Amino acid sequence: MFFAVAVNKRQTSSFLILFFVLTFNVFAANKIEGVRIWPAPESTRVVFDLSQKPKFSHFTLKNPQRLVIDFANSKSAVSLSNVLKNDKRIKKIRLSTPKKKGSTRLVLDLASSYQLAVFPLSPAGTYGHRLVIDLYDKHGKNTVKTNNTNKTKRDIVIAIVAGHGGEDPGSIGARGTYEKKVTLNIAKKLSALIDKQPGLKAVMIRKGDYYVNHNRKTELARKSKADLLISIHADAFTSSKPSGASVLVQSTRRANSEFTRWIANRQKESELLGGAGETIKRTKDKNLAITLADMKKEYTMGSSYAFAEHVIKQMKKVTKLHKSKPEGLSLAVLKSSDIPSVLIETGFISNPREERNLNSSAHQKKLAKAIFTAVDHYFSQNSPDGTLYASLKLKRHLIRRGESLSVIAHRYNVSVSSLKKVNNLRSNVVKIGQTLKIPRAD
Ligand SMILES: [Zn+2]
């Protein structure tokens with residue numbers, strides 16, 4: 001008896017709780033009460049007034065560009081037809097079918113893709129709860145922002161692959177220098193320099209004395225969203241004579257079936273080597289082919305080549321060059337990475353003088369510094385959208401009477417060719433009153 005009563009009481013209270021939960025939910029729906037649009041030269045702010053603190057999520061869609069905002073457990077009590085007054089970034093604000101029952105989906109039809117900041121604001125002054133959406137022009141200065149501006153400007157990621165490792169020593173010099181050790185030392189020094197620079201971030205694909213297979217290398221580089229992949233190697237040849245550094249990029253221009261066959265069946269490499277490219281003949285580097293196979297597709301080849309030119313320009317200040325131009329290797333048939341990639345042969349380990357150099361910490365530092373400078377210069381001129389590098393303004397120069405390209409180049413310690421490149425100039429002719437962008441010093 002006593003037992004039965006107790007059960008009844010428990011059931012009653014459960015029903016009461018259920019009743020309150022349901023009732024609370026019905027009355028708790030958030031109400032979208034107003035929308036304000038604030039167009040500015042470099043951004044547009046959209047503010048939604050809400051009856052309660054919003055629970056929201058958002059995502060973007062392409063073709064056409066849209067921003068979708070879902071307000072959980074909410075109702076719209078606002079007319080959206082008249083809120084837009086000549087805003088160049090938002091074409092339309094409209095309601096759409098929400099995915100979850102009881103939520104409200106708003107769609108902003110946009111003119112382009114923008115850098116976004118979406119955040120709630122607590123009641124202040126005459127305002128209640130709000131949800132703010134800022135749309136920033138991608139090349140804008142982003143000077144006015146409630147939150148930390150740097151948060152939305154990402155770092156440029158550089159993946160560094162120290163060649164060989166573990167069971168695979170790479171080339172071995174006459175004095176017993178292991179390529180795998182040299183490449184790791186240079187990679188570590190380069191990584192430190194990159195991490196010190198605001199706006200750049202290094203990802204070491206190999207951190208110690210172990211081997212990373214080529215699929216994993218690409219996977220790691222992709223996972224870290226690398227903008228660039230740099231493989232570091234040291235060359236070797238059967239004779240001790242050749243010396244100097246070289247930079248290799250993938251190229252499809254000269255399809256070489258012998259070479260791809262050699263990759264497919266490396267046990268027979270000795271037979272096929274005679275017909276393969278010069279580089280393969282002299283490197284004796286089994287991984288070179290695989291690394292090159294991992295390099296990016298044709299559409300990123302241009303950027304690889306451009307970066308390689310920067311590397312050569314800097315490397316020749318600190319070491320002899322084996323080849324004065326980036327070397328292209330054809331590997332069109334092979335699966336390749338979509339990340340711009342270069343392979344840097346830092347010198348010949350088979351050359352006694354260079355073996356000594358490659359072992360020296362001071363020389364390794366010089367090589368790392370040269371590669372770092374190339375990275376900095378390249379991304380200063382080719383900074384991806386949304387990065388801190390892209391937001392750093394280039395210096396500008398107004399051309400006055402008597403000034404020529406070479407005079408300006410000399411004044412800012414940059415080359416005429418880089419001045420032309422940054423300003424998309426086809427000839428050396430400049431006009432009085434013209435403004436030129438000034439790249440960073442060479
Ligand atoms: Zn190597």
Side-chain angles (χ1 to χ4, degrees), residues 159-191 204-218 220-221 229-240 242-250 259 262-263 266 269-270 273 276-295 304 308 311-312 315 319-323 326-329 331 334 336-337 341-352 354-359 363-364 367-368 370-371:
I160 306 166
V161 181
H164 312 280
E167 283 291 294
D168 169 18
S171 312
I172 302 170
R175 289 173 36 170
T177 306
Y178 280 20
E179 182 186 349
K180 66 172 184 181
K181 278 191 188 165
V182 172
T183 61
L184 185 62
N185 285 338
I186 296 169
K188 280 181 180 168
K189 289 176 167 71
L190 173 61
S191 164
M204 293 272 282
I205 301 296
R206 172 165 84 85
K207 291 173 184 159
D209 191 11
Y210 52 86
Y211 184 72
V212 184
N213 79 43
H214 73 280
N215 281 334
R216 184 71 185 140
K217 276 178 205 162
T218 316
L220 287 171
L229 191 142
I230 301 172
S231 295
I232 296 170
H233 284 255
D235 237 329
F237 191 55
T238 43
S239 131
S240 62
S243 66
S246 43
V247 183
L248 296 103
V249 291
Q250 195 196 331
F259 186 49
W262 175 73
I263 307 233
R266 280 194 287 138
E269 62 183 70
S270 52
L273 272 178
E278 269 300 306
T279 308
I280 300 307
K281 262 198 274 177
R282 65 179 164 67
T283 59
K284 293 198 308 180
D285 186 342
K286 286 179 187 176
N287 288 288
L288 171 65
I290 296 298
T291 314
L292 284 166
D294 262 348
M295 293 183 171
S304 298
V311 176
I312 283 174
M315 293 272 279
T319 188
K320 191 195 150 187
L321 289 182
H322 184 64
K323 291 271 166 73
E327 271 186 87
L329 279 183
L331 286 157
L334 297 166
S336 56
S337 157
S341 314
V342 298
L343 189 149
I344 303 169
E345 297 280 10
T346 49
F348 276 82
I349 222 162
S350 51
N351 176 287
E354 292 205 333
E355 183 184 5
R356 233 182 352 259
N357 275 344
L358 289 169
N359 256 320
H363 186 73
Q364 289 169 0
L367 293 168
I371 302 168

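Whatever order the structure lists them in is the order used to number ligands and atoms, beginning at 1. As the structure is a computational prediction, the values presented were derived from the model and not from experiment.
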Let's go through Thr218 and Leu229 carefully: what are the C-alpha distance in whole Å and the side-chain angles of both, what is the deciding distance for side chain to side chain contact (heavy atoms under 4.5 Å, CB included) to 0.1 Å, and is it a yes or a no? CA-CA 9 Å; Thr218 316; Leu229 191 142; over 6 Å; no

Could you check Ile186, Val311, Leu190 and say which one makes a side-chain contact (heavy atoms from CB on, under 4.5 Å) with Ile344? Val311

Angle, ND1 of His233 through the Zn ion (ligand 1) to NE2 of His164 - 10° precision: 100°

Would you name the N/O/S atom of Glu179 that lies closest to the Zn ion (ligand 1)? OE2

What I want to find out is whether Lys180 reaches Asp168 closely enough, with some N-O distance under 4.0 Å, to be called a salt bridge. no

Show the numbers, then the answer: is there a side chain to side chain contact (heavy atoms under 4.5 Å, CB included) between Ile371 and Met315? CA-CA 7 Å; Ile371 302 168; Met315 293 272 279; 4.2 Å; yes

Examine all N, O or S atoms of Asp235, backbone included, and report whether one is under 2.8 Å from the Zn ion (ligand 1). no

